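Inspection log for the structure reproduced underneath, given as structure tokens.
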Amino acid sequence: MKIIGTGSALPEKVVTNDMLAGFLDTSDEWITTRTGIRTRRLLSHETLRELALKAAQAALQSSGLRPEDIDYLICSNVANSYVSPSLGSIVLGQLGCSCPTFDMNGACAGLVYSLDVADAFLKSRDMKNILIVAAEQPSRFCSWHDRATCVLFGDGASAMVVTQGEGFKDFRLTGDTHTEVMYYKRQMERTPYDRVEEPTEPLVMNGREVFRLAVEACINDVDTLLERNGMTGADVDLFLLHQANMRIIECIREHLGQPKEKFPTNIQKYGNTSSASIGILMDEMSRSGELKDGQTVMLSAFGGGFVTAAALLKWSAIQY
Ligand code: ACO
């Protein structure tokens, strides 16, 4: 499987750390040193559906394919205003596609989870082209009175078209139940019979524990893929990691003993956009020519659950 088109879309509204310090007990200095985030984009007049569509259209256009060439649409999304229909179903028609679709909730690892599923579909089914969309609005999971969570996130969407061919070499996915370290609950409609009250709880996160789990899991995935493929960190040109926290990325970089240039980031501008983050980074780097033909790339992501996913691939340049 290889990637033949990429796209991304971000909300217009830029929110700086100083803007947050206007209504929260926080500071640019605290947020920047603990996370690396300077600004984030937040949905204001747009909807996530519009961002998802924009990213998908850009990916489709860069692939040179028509909507009818897409055999499946996988949409990575943790939550949006619509519980039903799926976000994939909503985007599908507006895009002009009429293929099967489903939403994937692989938390922040959802894009790499979707790539793994697409790879399996392309190998086992009579399919040629799959569109993957990762669209997230994690800013809406948080209480905007909780300085420990809301400063971390941004909204955004990314997309890619994958097809049969040489590119992805290996995947590693893991799952473990650690509900307590990070969760967001929404109250559902009540029936006359339910006796368990589960009120809405905005994102609850044990930041230190998530940090520890993320570093440990990411290192495990990357080391496993390297070992399984007879490689070392030196054989990888770029590590495109989930953009959750600059210090998490730095811990992984130190473990691998590789130079900073191999770990590109855009968390400074966008914050943590959940499963959209790696796709946004790839789209920007592919369009700017920073992702070069033949480069060996490692993707690695982690998220609530606790789930992780990593992939090893050789990049093929895309003409935009
Ligand atoms: N501004 C100022 N002070 C703050 C803020 C803030 N925004 N947030 C917390 N603090 C305070 C705390 O209240 C605490 O104060 P206290 O010592 O008086 O109690 C102090 O800062 C230290 O808090 P810690 O939580 O211990 O700070 P830490 O150094 O661990 O940094 C952070 C917190 C940035 C959240 C870090 O733990 C982290 O990045 N964890 C990973 C989070 C993450 O990446 N989550 C998402 C991953 S999964 C996914 O992407 C969905």
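Whatever order the structure lists ligands and atoms in, that order sets their numbers, starting from 1. The shown structure was predicted, so the numbers you read here are calculated from the model rather than taken from an experiment.
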For [atom], which protein heavy atom lies nearest, and how many Å away is it?
{"atom": "atom 41 (C) of ligand 1", "value": "G207 O, 3.5 Å"}
{"atom": "atom 49 (C) of ligand 1", "value": "C108 SG, 2.7 Å"}
{"atom": "atom 31 (O) of ligand 1", "value": "R247 NH2, 3.7 Å"}
{"atom": "atom 45 (N) of ligand 1", "value": "M205 SD, 3.3 Å"}
{"atom": "atom 47 (C) of ligand 1", "value": "V210 CG1, 3.6 Å"}
{"atom": "atom 12 (C) of ligand 1", "value": "R147 NH2, 3.8 Å"}
{"atom": "atom 48 (S) of ligand 1", "value": "M182 CE, 3.7 Å"}
{"atom": "atom 22 (C) of ligand 1", "value": "R34 NH1, 3.7 Å"}

Using a 4.0 Å heavy-atom threshold (strictly under), name the region of D25 that reaches ligand 1: side chain, backbone, both or neither. backbone
Structural part of N272 in contact with ligand 1, heavy atom criterion under 4.0 angstrom: side chain
Would you say CG of D194 has more than 12 non-hydrogen atoms from neighbouring residues, nucleotides or ligands within 6.0 angstrom?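 Correct, the count exceeds 12.
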If you draw a 6.0 Å radius around OH in Y82, do more than 12 non-hydrogen atoms from other residues or ligands fall strictly inside? no
Can a side-chain donor-acceptor contact be found between D170 and N229 if the only test is distance below 3.5 angstrom?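 Result is yes, a qualifying pair exists.
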Distance-only polar pair, side chains of D221 and T224, donor-acceptor under 3.5 Å: no
Under 4.0 Å from [atom], is there any protein heavy atom?
{"atom": "atom 18 (O) of ligand 1", "result": "no"}
{"atom": "atom 14 (C) of ligand 1", "result": "no"}
{"atom": "atom 3 (N) of ligand 1", "result": "yes"}

I'd like to check whether R208 has a polar contact with ligand 1, where a contact means an N/O of the residue lying under 3.5 Å from an N/O of the ligand.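 Yes, there is a polar N/O contact under 3.5 Å.
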So for ligand 1, is N245 a polar contact partner (N or O within less than 3.5 Å, distance only)?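 Right, the criterion is met.
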Evaluate the ring planes of F239 and F263, with Trp represented by its six-membered ring, and classify them as parallel (under 30°), tilted (30 to 60°) or perpendicular (over 60°). parallel
Please state whether the rings of F141 and Y184 are parallel, tilted or perpendicular, taking 30° and 60° as the class boundaries. parallel
Heavy-atom nearest option to atom 5 (C) of ligand 1, drawn from F141, W30, F302, F306: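 Looking at heavy atoms only, the winner is W30.
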Would you mind checking if R212 and E216 are paired as a salt bridge, meaning a charged N to carboxylate O distance below 4.0 Å?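 Salt bridge present between E216 and R212.
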